[in-house]
Amino acid sequence: YYIYQHRNRLAEHRPRVCFWGLPSLFFGLASYAFWINPGRNDMLQGYSMILSLFGLVLLLLGPGMMRVLWFPILYLAFAVKVADRLWEALAMKLQLIAATGSSIALNIIGVFMNLEADLAGSTITLVKDGRPLQPPLDVAQACAGLRMLMAFIALGVAMAFLFDRAWWQRLIMIAMTIPIAVGVNIGRVTALGLLHLVDPKYATGDFHTFIGMLMLIPAALAFLLLGWILDRIVVSDSPEGEDGAAPAGKPAPLAAAAAHPPAPARLGDLPWGMLLSVAAAGAVIALVVSGVYLFMLGTKSPGELLQEYSDSGGAGILLIAALLKMLW
C-alpha cells in the first residue's frame with residue numbers, strides 16, 4: 001500500500017543497475033548462512049534476509065527508486081522473531097511495569113468498589129470487603145505486553161509514514177509507541193483484574209486472549225488522536241497579502257497551483273473519512289478473525305465445544321458461536 005501511495009514518485013525514476021547494492025546483497029547472504037550454522041540465531045537470520053533484499057532492490061532498481069522503497073523493506077524488521085534471551089529480559093521488565101501500573105489502577109477503582117489490590121512481585125491479590133480472593137491474579141510473561149509492544153510499534157510506525165507528515169511529527173509518533181503500548185497493556189491487566197472479580201476463569205484461556213485482541217482498538221484510537229493533535233499543532237502562514245493579492249515576485253494563485261499540485265490531505269483534515277476508514281478496517285479484521293474462529297469451531301463436534309466452554313464459564317461465547325455457525 002505504501003508503494004501504491006508513492007507510485008507517482010516511483011514513475012519519475014527509471015530503473016537502472018546500481019552496483020552499490022552488491023556488497024549489501026553478498027554480505028546479507030553470507031551472514032544468513034553463518035547464522036544458520038554455526039551462529040544458530042533466528043533473529044539475525046531475519047535481519048540478514050532484509051539486508052539481502054535491500055541490496056537486491058538497490059542493485060536492480062537504483063538509488064532513485066530506493067528513496068521510496070527503503071521503508072517497506074526495513075518495515076519487515078517487525079516480522080522478525082526476537083531472540084529468546086532478549087525477549088525474556090524485556091518481558092520481565094514489562095511484566096513488573098504492568099503489574100505495578102494495574103495494581104495502582106485497581107486501587108483507584110477500588111475506592112468506589114471497596115476493593116484493594118496488594119502487589120507482591122508480579123502477583124496481585126485482590127481483597128474484596130476485607131476478604132482476599134483466591135486464586136490471586138498472576139501477571140505472567142504472557143501478560144507482560146511484549147508482543148503488544150512489538151505490534152503497537154509496528155502500528156505506530158505505519159501510521160506515521162502512511163500519512164503526509166513532517167519528519168518531526170513522525171519522530172514523535174514513533175517515540176510515543178512505547179508509552180501507548182505500556183499504557184494499553186496496563187489497561188488490559190486492569191480489565192482482567194476486574195473480570196477476576198466475576199469469575200477467575202475469565203482471566204485465563206481463550207477469554208484472556210480475546211481481551212488482548214480488543215486492546216488493538218484503543219491503541220489505534222490513541223494513535224489517531226495523536227496524529228490529529230500533531231496536525232493541529234502546525235499552523236502555516238498564508239502567502240497572500242492582507243488584501244488577498246499575491247505578494248510581489250510571487251506567481252499568481254492559479255499559476256502556483258498548476259506548478260505545484262496540492263499536497264495529499266492530512267489525517268486531521270478528513271475526520272469523517274478517518275472514522276469510516278477505521279470502521280472499514282475494523283470490519284475487515286473482524287470478518288477475518290470470525291472466519292478463522294468459525295473454521296476452528298467447525299472442526300469440533302458439539303459435544304467437544306460444550307465440554308470446553310462449559311468448564312470455563314463461556315456459555316455466552318458458545319451461544320454466539322452457535323449463532324454464527326447457523327448464519328454462516
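We use all heavy atoms of the structure for the numbers below, so side chains are in, but hydrogens, waters and symmetry mates are not. In this chain, residues are counted from 1 in sequence order. Everything numeric here is computed off the predicted structure, so don't read it as measured data.
At a threshold of 4.5 Å between non-hydrogen side-chain atoms, the residues Leu61 and Met66 do not count as touching. Residues Leu60 and Val17 form no side-chain contact, since every pair of their non-hydrogen atoms from C-beta on lies 4.5 Å or further apart. Contact check for Leu230 versus Trp168: side-chain heavy atoms found under the 4.5 Å cut-off. Residues Glu116 and Leu106 form no side-chain contact, since every pair of their non-hydrogen atoms from C-beta on lies 4.5 Å or further apart.
The CD atom of Gln169 sits 12.0 Å away from the CD1 atom of Ile174 when rounded to the nearest 0.5 Å. Taking CD1 of Ile73 as the start and CE of Met49 as the end, the distance is 10.5 Å to the nearest 0.5 Å. Note that the OG1 atom of Thr177 and the CD1 atom of Ile172 stand 12.5 Å from one another [nearest 0.5 Å]. Rounding to the nearest 0.5 Å gives a distance of 10.5 Å between CH2 of Trp20 and CG of Leu58. Taken to the nearest 0.5 Å, the CG atom of Leu53 stands 12.5 Å off from the OG atom of Ser48. Between the OG atom in Ser31 and the CD1 atom in Ile36 there is a gap of 10.0 Å [rounded to 0.5 Å].
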- Full working for side-chain contact (heavy atoms from CB on, under 4.5 Å) between Asn185 and Ile97: CA-CA 9 Å; Asn185 189 50; Ile97 293 174; over 6 Å; no
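The two atoms that bring Val82 and Met43 nearest to each other are CA-SD, 3.9 Å, heavy atoms only. Closest approach of Met65 to His13, counting heavy atoms only: CE-O, 3.3 Å. Across every non-hydrogen atom of Ser52 and Gly28, the tightest pair is OG-C, 3.0 Å. Nearest heavy-atom pair across Ile3 and Pro72 is CG1-CG, 4.0 Å. Closest of all the heavy-atom pairs between Ile186 and Gly101 is CG2-C, 3.5 Å.
A donor-acceptor pair under 3.5 Å is absent between the side-chain atoms of Tyr32 and the main chain of Tyr47, judged by distance alone. Checked by atom type and distance alone, the side chain of Arg165 never pairs as donor or acceptor with a backbone atom of Arg170 at under 3.5 Å. Side chain of Gln45 to backbone of Trp35: a donor-acceptor contact under 3.5 angstrom is found. Put simply, the side chain of Gln5 gets close to the backbone of Leu162: a donor and an acceptor are under 3.5 Å apart. Side-chain atoms of Ser103 come within 3.5 Å of backbone N or O of Thr100 as a donor-acceptor pair. A donor-acceptor contact shorter than 3.5 Å is absent between the side chain of Ser102 and the backbone of Val189. Looking only at distances, a side-chain donor or acceptor of Asn107 sits under 3.5 Å from a matching main-chain atom of Ala117.
Follow the hydrophobic side-chain contacts under 4.5 Å out from Val57 and you never reach Phe27; the two are in separate clusters. When hydrophobic clusters are built by joining Ile, Leu, Val, Met, Phe, Trp and Tyr residues whose side-chain heavy atoms come closer than 4.5 Å, directly or via intermediates, Met176 is grouped together with Leu225. A chain of hydrophobic side-chain contacts below 4.5 Å, direct or via other Ile, Leu, Val, Met, Phe, Trp or Tyr residues, connects Leu226 to Leu171. Using a 4.5 Å cut-off between side-chain heavy atoms of Ile, Leu, Val, Met, Phe, Trp and Tyr, with links allowed through other members, Ile104 and Ile109 fall into different hydrophobic clusters. No continuous path of hydrophobic side-chain contacts links Val68 to Tyr4 [ILVMFWY only; heavy atoms under 4.5 Å].
Arg7 CZ: more than 12 foreign heavy atoms inside a 6.0 Å radius. Heavy atoms of other residues, nucleotides or ligands lying less than 6.0 angstrom from OH of Tyr2 number more than 12.
The aromatic rings of Tyr75 and Phe78 stand perpendicular to each other, their planes meeting at an angle above 60°, with 30° marking the opposite boundary. In this structure, Trp70 and Phe161 have perpendicular ring planes: the angle between them is above 60°, well past the 30° mark.
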